[in-house]
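Step one of this worksheet: look at the structure below.
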Amino acid sequence: MKSPLLSLPGAVPAEGVDEGVAAHYGDLFREQRALAGGTGFVDLSHRGVVSVTGDDRLSWLHLLLTQHVSDLPTGQATEALILSAHGHIEHALYLVDDGTTVWAHVEPGTQDALIAYLESMKFFYRVDVADRTGEFAVVHLPAGSIAEVPQGVVVRETPYGRDLFLPRADLESYAEKSGPAVGLLAYEALRVEHHRPRLGFETDHRTIPHELGWIGTAVHLQKGCYRGQETVARVQNLGKPPRRLVFLHLDGSEVHLPPAGADIRLADEGPDGRKIGFVTTSVRHHELGPVALALVKRNIPLDARLMADSTAAAQEAVVEP
């Protein structure tokens, strides 16, 4: 779904899974500084939007999600995962309940599979699940923003800012009042700075929540009765995850960033050394320079010198060994 804001001056389209919105509007670092300073907005209208209505919506979702939502207060934002039977991450949902409806935004293109799963689990519960992507666009306002939120718009308030479920028809008029527009690359740079994982970027087919630091923020350890809960409890109580998320400071003298999927090796073992992880997201940050998130084997020492593809890298722990 192509955003009308791609017609704004300087807009350069994003590629891949984020196709449909602007990567930037001509000045990446200016846009990052604006966002970090609490001004501007980010067009996230390519993300999927799903709603759940009905009297049983919270008690029903509580049985399916990793998060404790049976008593979720109206207006309180949370995030949750759906796991496979083996505990691997399949979906990530960013939720809020407005008193009558649970609203969630999800990764672009994942809403159909999510809705299919939810529909298969309805049974006798009084719930209705709907794809609202065609009607609502997600807009992000950074922390500290004083931009006005239109009356009646559902908002997720988080430490990183506010996510608005804005009627898609109002997107252009909202942009005229609430600029400057900030591209997705700036949003991603701040996401990496804050060590926040993203489904499909920091995850692969075997990722479990412990590896990414999603325990506590998206997984509630005092609830059970959801698919994959046995794996979560076993790793939490009896062991350690096989991999861990790290934040990488990359050699700033390199012209190119190591791409997502680039192999990480121990520098002391040379370019033919064993692979001990891979880059998940790499960005250029307006203050930190080139940085990245990566998954590495849990037992790699924190002071080990690393190579991300051909770029020297030093790690900072996100998930402790």
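Heavy atoms only: backbone and side chains are in, while hydrogens, waters and symmetry mates are out.
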Do any side-chain atoms of residues 266-277 form donor-acceptor pairs under 3.5 angstrom with protein atoms, and if so which ones, sequence neighbours left out?
residue: Asp268; atom: OD1; partner: Arg305; partner atom: NH2; Å: 2.4
residue: Glu269; atom: OE1; partner: Arg274; partner atom: N; Å: 3.2
residue: Glu269; atom: OE2; partner: Arg274; partner atom: NE; Å: 3.2
residue: Lys275; atom: NZ; partner: Asp263; partner atom: OD1; Å: 3.4

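- Salt-bridge annotation for Glu90 and Arg227: present, with a side-chain N of the basic residue lying under 4.0 Å from a carboxylate O of the acidic one.
- Lys223 places a side-chain N or O within donor-acceptor distance of the main-chain N or O of Gln67, the cut-off being under 3.5 Å.
- Other members of the hydrophobic cluster containing Val291, listed by chain and number, are Leu81, Leu83, Ile89, Tyr94, Val192, Leu199, Leu212, Trp214, Ile215, Val219, Leu221, Tyr226, Val232, Leu245, Phe247, Phe278, Val283, Leu288, Leu293, Leu295, Val318, Val319; membership follows side-chain contacts under 4.5 Å among ILVMFWY residues, whether direct or relayed.
- The two residues His62 and Ser70 come nearest to each other via the heavy atoms ND1-N, 3.3 Å.
- Pairs of residues two or more places apart, or lying in two chains, never qualify as ring-ring contact (aromatic ring centres under 6.0 Å, His included) while including a residue from residues 301-321.
- Not a single donor-acceptor pair under 3.5 Å links the side chain of Gln315 to the backbone N or O of Val296.
- Under the side chain to side chain contact (heavy atoms under 4.5 Å, CB included) criterion, Ala292 pairs with Leu248, Leu250, Val279, Ser282, not counting sequence neighbours.
- Taking the six-membered ring for Trp and thresholds of 30 and 60 degrees, Trp103 and Phe165 have ring planes inclined between 30 and 60 degrees apart.
- One finds no salt bridge joining Glu19 and Lys2 here, because no Lys/Arg side-chain nitrogen approaches an Asp/Glu carboxylate oxygen to under 4.0 Å.
- Checked against side-chain hydrogen bond (donor to acceptor under 3.5 Å, both in side chains), His24 has no partners two or more places apart in sequence or in another chain.
- Using a 4.5 Å cut-off on side-chain heavy atoms (C-beta onward), His285 and Leu190 make contact.
- Partners of Glu157 by salt bridge (Lys or Arg N to Asp or Glu O under 4.0 Å), not counting sequence neighbours: none found.
- Under a hydrophobic clustering in which Ile, Leu, Val, Met, Phe, Trp and Tyr are joined whenever their side-chain heavy atoms come within less than 4.5 Å, directly or via other members, Leu164 and Val42 fall into different clusters.
- Counting Ile, Leu, Val, Met, Phe, Trp and Tyr side chains that sit under 4.5 Å apart, directly or through other members, Tyr160 stands alone, with no cluster partners.
- A donor-acceptor pair under 3.5 Å links the side-chain atoms of Thr133 to the main chain of Val49, judged by distance alone.
- Annotation: salt bridge (Lys or Arg N to Asp or Glu O under 4.0 Å) contacts of Glu202 (sequence neighbours excluded): Arg191.
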Check: residues 134-147 side-chain donor-acceptor pairs under 3.5 Å, at least two apart:
residue: Glu135; atom: OE1; partner: Arg132; partner atom: NH2; Å: 3.4
residue: Glu135; atom: OE2; partner: Arg132; partner atom: NE; Å: 2.9
residue: His140; atom: ND1; partner: Asp163; partner atom: OD1; Å: 3.0
residue: Ser145; atom: OG; partner: Ala147; partner atom: N; Å: 3.1

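- Here the side chain of His220 pairs a donor or acceptor atom with the backbone of Gln222 at under 3.5 angstrom.
- Residues Glu79 and Arg156 share a closest heavy-atom pair of N-NH2, 4.5 Å.
- Judged as a side-chain hydrogen bond (donor to acceptor under 3.5 Å, both in side chains), and not counting sequence neighbours, the contacts of His46 are Asp18.
- Take Arg30 and apply the salt bridge (Lys or Arg N to Asp or Glu O under 4.0 Å) test, not counting sequence neighbours, and it matches Asp27.
- Judged by distance alone, with hydrogens and angles left aside, the side-chain atoms of His88 form no donor-acceptor pair with the main-chain N or O of Ser84 at under 3.5 Å.
- A salt bridge does not link Glu211 with Arg244: none of the charged nitrogens is closer than 4.0 Å to a carboxylate oxygen.
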Show me the donor-acceptor pairs, under 3.5 Å and distance only, between side chains in residues 171-186 and residues at least two apart or in other chains.
residue: Ser173; atom: OG; partner: Asp170; partner atom: O; Å: 3.0
residue: Ser178; atom: OG; partner: Tyr174; partner atom: O; Å: 3.2

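- Residues Ala308 and Pro258 share a closest heavy-atom pair of O-CB, 3.7 Å.
- In this structure, Asp128 does not pair ionically with Arg57, as no charged nitrogen and carboxylate oxygen lie closer than 4.0 Å.
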